Amino acid sequence: MTKKVALVTGASSGIGEATARQLQQAGFIVYGAARRTDRMSGLAASGVRTLALDVTSETSVGNAVTEIIAAEGRIDVLVNNAGYGSYGALEDVPLEEARAQIEVNVFGLARLTQLVLPQMRAQRSGTIVNISSMGGRFATPMGAWYHASKYAVEGLSDALRLELKRFGIDVVLIEPGSIRTEWGAIAADKLRTTSSHGPYAEQADAMAKSLERSSQPGTRMASPATVIGKAVAKAATARRPRTRYRVGFGARPLILLSRLLPDRAFDALVKRSSGVPA
């Protein structure tokens with residue numbers, strides 16, 4: 001029986017690395033892709049096939065898809081995980097940075113999806129897994145462009161699911177809560193660089209501390225990246241996967257509260273939980 005093939009972007013650390021390992025354990029031939037291949041030596045040693053991939057480069061994404069199809073003849077699962085969090089008060093963030101955030105988190109995801117779809121349609125099967133966030137369902141202070149990108153991923157995925165059903169292709173959204181990776185520390189650094197001085201400094205400092213907590217080893221306020229990897233593997237192997245998987249610390253209760261509470265009441269809850277002054 002032919003083994004199924006999975007491509008995971010942003011596989012050099014955190015959620016991407018954990019997902020590549022879980023899919024390999026589930027029996028997939030896994031291609032882990034990232035800009036920095038030197039950070040994927042551990043994956044390569046375990047049998048994951050690594051690729052250099054910059055999702056903002058047309059040449060890079062085209063070469064990656066061509067290489068996999070030439071080697072394997074198929075792509076069964078695409079996990080769009082590559083992305084980052086650009087934090088800073090909207091008034092402070094240069095529009096060049098805003099464009100970069102959307103370019104990576106939205107257009108990079110969309111272009112790679114475009115390139116794998118002809119093969120999936122020819123197979124009459126496939127699964128697109130887009131890593132969104134609980135931050136694609138509600139916003140936190142200082143994260144306007146990050147949340148805009150994840151809201152876009154949610155809408156894009158919902159439309160894509162409707163388009164692809166007739167071709168036997170599933171579209172799945174993973175909505176992580178707080179996950180213990182380096183993501184939070186990197187986002188906090190960006191926030192401090194952008195808004196640590198001026199009228200938003202007090203809010204920026206509080207939010208940066210909140211973001212950093214998720215990156216601290218052993219924190220109880222975040223889940224390990226393996227919970228996301230397991231959710232992706234579950235979706236990739238399901239005969240009929242769910243459209244959304246809400247996993248990780250805080251995801252389920254906070255998304256539910258964002259739907260049930262009046263907007264201003266939920267705003268107050270988010271500020272209080274983030275330590276941001278009213």
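Just so it is clear, the structure is predicted and the values come from calculations on it, not from any experiment.
- Hydrophobic cluster membership for Leu256: Leu260 (Ile, Leu, Val, Met, Phe, Trp, Tyr linked by side-chain heavy atoms under 4.5 Å, directly or transitively).
- Side-chain polar atoms of Ser132 and Asn130 form no donor-acceptor pair below 3.5 angstrom.
- For the residue pair Gln101/Glu97, the side-chain donor-acceptor check at 3.5 Å is not satisfied.
- Counting heavy-atom neighbours within 6.0 Å of Arg252 CZ, excluding the residue itself, gives a total of 12 or less.
- Within a 6.0 Å sphere centred on CZ of Arg35, other residues, nucleotides and ligands contribute 12 heavy atoms or fewer.
- Residue pairs satisfying the salt bridge (Lys or Arg N to Asp or Glu O under 4.0 Å) criterion with at least one member in residues 191-206, sequence neighbours excluded, are listed as follows: Arg192-Asp205, Arg192-Glu212, Asp205-Lys209.
- A salt bridge is defined here as a Lys NZ or Arg NE, NH1 or NH2 lying under 4.0 Å from an Asp or Glu carboxylate O, and Arg161 with Asp158 meets this definition.
- Salt bridge Arg49/Glu72: present, at least one basic N to carboxylate O contact under 4.0 Å.
- With Arg180 contributing its side chain and Ala222 its backbone, the two residues share a donor-acceptor pair below 3.5 Å.
- The line from CG of Leu257 to CZ of Phe138 is 9.0 Å long, rounded to the nearest 0.5 Å.
- In this structure, Ser149 contributes its side chain and Tyr146 its backbone to a donor-acceptor pair below 3.5 Å.
- Between Glu17 and Arg21 a salt bridge is recorded (basic side-chain N to carboxylate O distance below 4.0 Å).
- Nearest heavy-atom pair, Ala33 versus Leu7, reported as atom, atom and distance to 0.1 Å: CB-CD1, 4.0 Å.
- Contact record, Asn80 with Thr113: ND2-OG1, 3.1 Å, taken as the closest heavy-atom pair.
- Shown here is Phe107, whose CZ atom has no more than 12 heavy atoms of other residues, nucleotides or ligands within 6.0 Å.
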